[in-house]
**Q** 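Please see the structure below; I have some questions.
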Amino acid sequence: MLRPRAYFGAMTYIAREDRYERMLYRRCGRSGIDLPAVSFGLWNNFGDDRPIETQRAILRRAFDLGVTHFDLANNYGPPYGSAELNFGRIMREDLRPYRDELIISTKAGYDMWPGPYGEWGSRKYLLASLDQSLQRMGLDYVDIFYSHRHDPNTPLEETMSALETAVKQGKALYAGISSYSGARTKDAFEILHNRGIRLLIHQPSYSLLNRWIEDDLLDVLGEEGIGCIVFSPLAQGMLTSKYLDGVPEGSRMAEGRFLTTDMLTEEALGRIRALNEIAARRGQSLAQMAIAWTLRDPRVTSALIGASSVEQLEENIAALDNLDFDDDELHDIDRYAVDSGINIWAASSER
């Protein structure tokens, strides 16, 4: 049998034949879709500020390790749209033969272009954005199209009707939402259900330092059979070894990109160091334990990670080597895993 090949100049990419033996897959709610326990997001490190060959190496390695789900949004970059353009190039030159083995998602909801129709949740914005995303990535469809945030000034029925149209037009296979509250999620589910569309998945922020979904959202997801893919399981990088001794030069926090120095209080740093000691006793890095911890609840389908290098990708996926926590470990973790004021997306889930 001929094996699919992808070409980039003289380079040929052939995916590892054992890739599906190297990943754990979990069912996404009450759907027919399995997702990798660790999915890959292109929020950072895939704009025009990073070499395309570094991006290519990371995405190839991710797929070789069994990562089948790649998550984007219209304004990922910088500049806006560049992550989709770069992913589209790598898709065309490397991953095109494997399209039917991939779950590719994109989102719209935050600002993308000037004027009143360039953000939020109107039907006009969402469907125009999806068309642009498909063009940038060179795809006929995405597997999941998300409403990236709830719009308090647009009727929820209008936002959900846009997701319905995307699915019925064949431009998206499934509908998703991100950062919606538990109550809004239930409403969104019921609107789509009444229109014959299943709400496949919710994408909330969740980490050892940001536990808001435990209040009621996870219960709604479990009751309605909606999958859950958590983003920022490393608390925008705080749950890594990077900040154990302060703020290093050139880090995301030093540059103020989605993290600010006021988030790393002495109290927060003390919790992070205590969690790091627990991780060491488990034979894991802090990042690995943080990812594994988000997956301890069966209602969480997948943890969405990013990476700036192949080595970082490999370390994070190795979290799957130890997903078990005993009661004593969970008790110890709960002493330090408390909300630390880092949920910069809270406004969306509070509307």
Side-chain angles (χ1 to χ4, degrees), residues 4-16 19 22-23 36 38-99 101-107 133 136-139 231-243 248-259 285 287-288 290-291 302-320:
R5 293 170 179 251
Y7 296 94
F8 173 64
M11 298 168 58
T12 302
Y13 171 64
I14 301 176
R16 289 183 62 118
R19 58 192 177 277
R22 302 161 70 85
M23 176 56 64
V38 171
S39 298
F40 192 80
L42 286 78
W43 176 24
N44 292 294
N45 304 307
F46 286 82
D48 289 347
D49 57 339
R50 300 299 172 98
I52 190 70
E53 291 311 315
T54 301
Q55 299 179 31
R56 186 190 310 279
I58 293 169
L59 294 179
R60 283 182 171 188
R61 184 58 175 156
F63 188 51
D64 280 342
L65 291 172
V67 175
T68 54
H69 177 29
F70 296 97
D71 178 79
L72 298 104
N74 55 357
N75 63 354
Y76 287 176
Y80 287 177
S82 60
E84 288 183 330
L85 283 168
N86 291 333
F87 179 79
R89 174 180 171 181
I90 295 167
M91 184 75 200
R92 182 176 66 252
E93 296 170 349
D94 291 294
L95 297 173
R96 175 67 66 181
Y98 306 98
R99 174 64 183 98
E101 299 180 40
L102 300 177
I103 299 289
I104 300 170
S105 62
T106 196
K107 303 179 283 291
S133 291
R136 280 190 291 268
M137 291 188 285
L139 299 176
F231 74 89
S232 201
L234 302 183
Q236 296 102 277
M238 288 177 66
L239 292 169
T240 68
S241 60
K242 182 178 295 184
Y243 299 105
E249 185 177 346
S251 66
R252 188 183 300 180
M253 184 174 288
E255 296 174 357
R257 291 184 295 118
F258 308 107
L259 269 180
S285 68
Q288 289 168 341
I291 293 167
S302 182
L304 187 61
I305 66 165
S308 59
S309 67
V310 169
E311 293 74 22
Q312 188 179 73
L313 170 77
E314 292 172 339
E315 177 193 345
N316 290 346
I317 291 179
L320 301 179

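Just the heavy atoms: all of them, side chains too, but no hydrogens, waters or symmetry mates, feed the values below.
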**Q** The test is side-chain hydrogen bond (donor to acceptor under 3.5 Å, both in side chains); show your working for Tyr76 and Asn86 and say whether it passes.
**A** CA-CA 11 Å; Tyr76 287 176; Asn86 291 333; over 6 Å; no
**Q** So which of Gln236, Met238, Lys242 actually passes side-chain contact (heavy atoms from CB on, under 4.5 Å) with Thr240?
**A**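 Answer after filtering Gln236, Met238, Lys242: Lys242.
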**Q** Between Phe63 and Tyr98, does a ring pair (Phe, Tyr, Trp, His ring centres under 6.0 Å) hold up when you go through it step by step?
**A** CA-CA 10 Å; Phe63 188 51; Tyr98 306 98; 5.2 Å; yes
**Q** Should Arg89 and Gln55 count as side-chain neighbours, where that means a heavy-atom distance under 4.5 Å?
**A** no
**Q** Take Ser105 and Asp71 through the test side-chain hydrogen bond (donor to acceptor under 3.5 Å, both in side chains) and record every step on the way to the result.
**A** CA-CA 5 Å; Ser105 62; Asp71 178 79; 2.6 Å; yes
**Q** Would you call Arg22-Asp64 a salt bridge at under 4.0 Å N-O?
**A**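 No, Arg22 and Asp64 are not salt-bridged.
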**Q** Can you list the residues that meet the side-chain contact (heavy atoms from CB on, under 4.5 Å) rule with Pro79, with sequence neighbours excluded?
**A** Asp48, Ser82
**Q** Between Arg99 (side chain) and Leu102 (backbone), is there a donor-acceptor pair under 3.5 Å?
**A** yes
**Q** Using the salt bridge (charged side-chain N to carboxylate O under 4.0 Å, His left out) criterion, which residues pair with Glu314? Sequence neighbours excluded.
**A**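 Glu314 satisfies salt bridge (charged side-chain N to carboxylate O under 4.0 Å, His left out) with Arg61 only.
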**Q** In chain order, what residues pass the side-chain contact (heavy atoms from CB on, under 4.5 Å) check against Ser241, with sequence neighbours excluded?
**A**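 By the side-chain contact (heavy atoms from CB on, under 4.5 Å) rule, Ser241 matches Leu244.
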**Q** Can you list the residues that meet the side chain to side chain donor-acceptor pair (under 3.5 Å) rule with Asn75, with sequence neighbours excluded?
**A** none
**Q** Of all residues at least two apart in sequence or in a different chain, which pass the side-chain contact (heavy atoms from CB on, under 4.5 Å) check with Ser285?
**A**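 If we apply the side-chain contact (heavy atoms from CB on, under 4.5 Å) test to Ser285, skipping adjacent residues, the hits are Ala287, Gln288, Glu315.
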**Q** Could you check whether the rings of Phe70 and Phe40 sit parallel, tilted or perpendicular, using 30° and 60° as the cut-offs?
**A**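 Perpendicular: the ring planes of Phe70 and Phe40 meet at over 60°.
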**Q** Donor-acceptor pair, Arg50 side chain versus Gly47 backbone, under 3.5 Å?
**A** no
**Q** So, using ring pair (Phe, Tyr, Trp, His ring centres under 6.0 Å) as the criterion, who are the partners of Tyr80 when residues are at least two apart?
**A**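 So Tyr80 forms no ring pair (Phe, Tyr, Trp, His ring centres under 6.0 Å) with any residue.
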